[in-house]
Amino acid sequence: MQEAVYTYFEGQNSYLVCYITKPDAKLPLADGNILILNTSKLEQVIALSNGAKCSKADCDKFVAVNELAKRRGFFWNSFEIYGGSGGFVTYGPLGTRLKQNIEAKLREFMIKKIGIYEIESSVIVPDKIFVASGHVAHFKEPMVECQTCHTRFRADHLLEEKGLSSAEAEKMSLEEIKTELQRQDINCPDCKGPFGEPTRYLTMFETTIGPYAGSVGYGRPEAAQNIFVEFNRLYNIARERLPFGCINIGRALRNEISPRQGLIRLREFTIADLEFFFDPEESSCERICEVENEILPILLCDTRLKNCEDITPFTVREALNRGIIRCEWQAYFMAQAKRLLTELGVPAKNQRFIEKHPWEKAHYSTQSFDQEVLVDRWGWIEVSGHAYRTDYDLACHMKASGVDMTVYKEYLNPVETEALIVKPIMSKLGPVYKDAAGKSATALAKVPAQQVADAMEKDGYIIVEGYQIFKEQVEIGKQKTTVRGKRFVPHVVEPSFGCDRLFYVALEYAYGLKDDRVVLSFPRSIAPIQINVYPLMNKDGLDICAKGIQRLLVQEGFMTDFDDAGSIGRRYARADEAGVQLGITIDYDTLSEQTVTIRDRDTWKQIRVAVSDLSCLLHRYFEGKADFEALENALI
């Protein structure tokens, strides 16, 4: 074995990268003395002396995971032959399957268990939608531009890299950002040049719809608005009953200023926005008993204000009773989000929920929590956001469009009310205003009856829209009515997931070493390939038998691959790096005894089972009804 050690420089950061290879093996992605890691961000790569010592375990996991992802076909930077473009990635064959499995797991937790609707909608959205929702006014980030190389950066991220907390950075004005950059002597990470004045940058992609310059559209930065504008149709589909929810899983675009964190910060990404509509007067969650004992690790606002990151564990019920979380449905979805991340391989001790300060919350939210996961290089990163949006979005779209988006709620017991009414006496208004009498009556009708009555009592007249109407020209009285219900705008809680971040988190937590070999230990429910099939040799009918067994497994619904290249040990190593859960080897005993060997990815243990029992055993295993050690005796 030999070691090859490289230093990869990106911006102000340098990362040690080490590969342990066989003496005759070629280094992955190596070109002479240069290790190609990221062509879109590559500044300088230098090979260290042969005497440098390092182990794979000491390497930066972010770099190691990204290198493995490229080499094994999980993902890579898009447009590499043209030098790449930051913030865009291509998912390869293995990555596409893994991402689909993660989204399927998300659907299992958020759709199947609750009966949530799902829609698919447009990425390009007319500008009036985002004007109404407030995104055009608020979806902006602080930016600074280098006066030498003219590279632009997120100003708050530069401050955070110098130790300022995200909470402090987010509430700073442009003038405060400028002062802090100067105080800390922060210059351009690329060329050390000075920065110009900070500005606010709209991080939405703008385009035109059709050939008309006046028809402006935006690439949606979230999928939520597509749900809100379709509320009336969805409410009809829900048989005009609350509560109900709808999820939109699809592509979104954000014109990030300086995306420098791989899959963590992309310009085009997959988002899963779930909007759950309910009556604020009947906000209890019928499923809260399923999660009320789930522990939610919460970093409270008060704790953060003390520059402390101590987590306080609450059960869901405790968090609700103490008012930490105000809405039962929001607490329910937070508990489900924690369980989802656990299913993706993230232990509970590496998850937390951050309570957002008032200045950190989105413009539409009255209470927000971010679900964060601890990763190797970046520390705590957000993977989902949980916002109580109240009736903000529906009310905004109702006002901007003029379309009624209220719902009717019938009372169990009708309510008798006595209302004050003002009725214009047209026979007295007519002689005064003649043809304008009708307009004066219409203007009067717009004024609350109590306001008219008070004016008449005090002054004997009221002036509305230029019309002076006297006490003797109106009739004021009371009328009894029976109110059988009311109309209101539903409230909304929203769990929102970044699918690419879920993907990266699952990949990093699956990454591990066993005897200096990389193993991706995905949970079996999301493994991109469930089973690899190997003929021990490509002769004597072993390959034909192996292909027959693979066809059988495909017919049974398993995701399989066939590998007959190289030694069986090399094939096992390739499969471990790809995260293949099980390997089935066809050998000479298969021909004589109709048995095969099943190899487990994580333990490297092997068992022998009959071909006739194979499908049944594998179904039990992948359905979670048996672990690997139990397979050998599962049918006894």
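- Using a 4.5 Å cut-off on side-chain heavy atoms (C-beta onward), N255 and Y201 make contact.
- Side-chain contact, T208 with S215: no donor N or O sits under 3.5 Å from an acceptor N or O.
- More than 12 heavy atoms of other shown residues, nucleotides or ligands fall within 6.0 angstrom of atom CZ in R107.
- Between H363 and Y392, the ring center distance clears the sub-6.0 Å criterion.
- Between R389 and E222 there is a salt bridge, since at least one side-chain N of the basic residue sits less than 4.0 Å from a carboxylate O of the acidic one.
- Side-chain contact between E161 and L158: present, with at least one pair of heavy atoms (C-beta onward) separated by less than 4.5 Å.
- When the options Y218, F130, F228 are evaluated for a ring pair (Phe, Tyr, Trp, His ring centres under 6.0 Å) with H135, the one that passes is F130.
- When each of Y117, W329, Y332 is checked for a ring pair (Phe, Tyr, Trp, His ring centres under 6.0 Å) with F276, only W329 meets the rule.
- Residues I298 and F369 meet the side-chain proximity criterion, which asks for heavy atoms closer than 4.5 Å.
- Under a 3.5 Å cut-off, the side chain of D279 and the backbone N or O of E281 do form a donor-acceptor pair.
- Under a cutoff of 6.0 Å and an axis angle of 45°, K113 and F109 form a cation-pi pair.
- Between V316 and A335, the shortest heavy-atom distance links the atoms CG2-CB, 4.0 Å.
- Among all heavy-atom pairs drawn from R304 and E355, the shortest one is NH1-O, 2.9 Å.
- More than 12 heavy atoms of other residues, nucleotides or ligands sit less than 6.0 Å from atom CZ of R487.
- Using a 4.0 Å cut-off between charged side-chain N and carboxylate O, E197 and K178 make a salt bridge.
- The environment of K409 atom NZ is dense: over 12 non-hydrogen atoms of other residues, nucleotides or ligands sit within 6.0 angstrom.
- How far CD1 of I227 is from CG of L394: 11.0 Å, rounded to the nearest 0.5 Å.
- Ion pairing between R352 and E309 holds under the 4.0 Å rule for side-chain N and carboxylate O.
- The closest side-chain donor-acceptor pair between R220 and S121 falls under 3.5 angstrom.
- With N232 contributing its side chain and D404 its backbone, the two residues share a donor-acceptor pair below 3.5 Å.
- More than 12 heavy atoms of other residues, nucleotides or ligands sit less than 6.0 Å from atom CD of E240.
- Aromatic ring centroids of Y388 and H491 lie under 6.0 Å apart.
- Side-chain atoms of L344 and V505, non-hydrogen and from C-beta on, never get closer than 4.5 Å to each other.
- The main-chain N or O of F488 is never found under 3.5 Å from a side-chain atom of T406 such that the two would form a donor-acceptor pair.
- Put simply, CG on L320 and CD1 on I325 are 6.0 Å apart, with the number rounded to the nearest 0.5 Å.
- For the residue pair I247 and I116, the shortest heavy atom distance occurs at N-CG2, 3.8 Å.
- The shortest distance between side-chain heavy atoms of E256 and R154 falls below 4.5 Å.
- Side chains of H397 and Q225: a donor on one and an acceptor on the other come within 3.5 Å.
- Under a 3.5 Å cut-off, the side chain of Q147 and the backbone N or O of E145 do form a donor-acceptor pair.
- Environment of CD in E418: crowded, with over 12 heavy atoms of neighbouring residues, nucleotides or ligands closer than 6.0 Å.
- Look at R339 and E343 and you find no salt bridge, because none of the NZ, NE, NH1 or NH2 atoms lies under 4.0 Å from a carboxylate O.
- Residue D435 places its CG atom among 12 or fewer non-hydrogen atoms of other residues, nucleotides or ligands, all under 6.0 Å distant.
- Distance check: N226 CG to I119 CD1 gives 6.0 Å after rounding to the nearest 0.5 Å.
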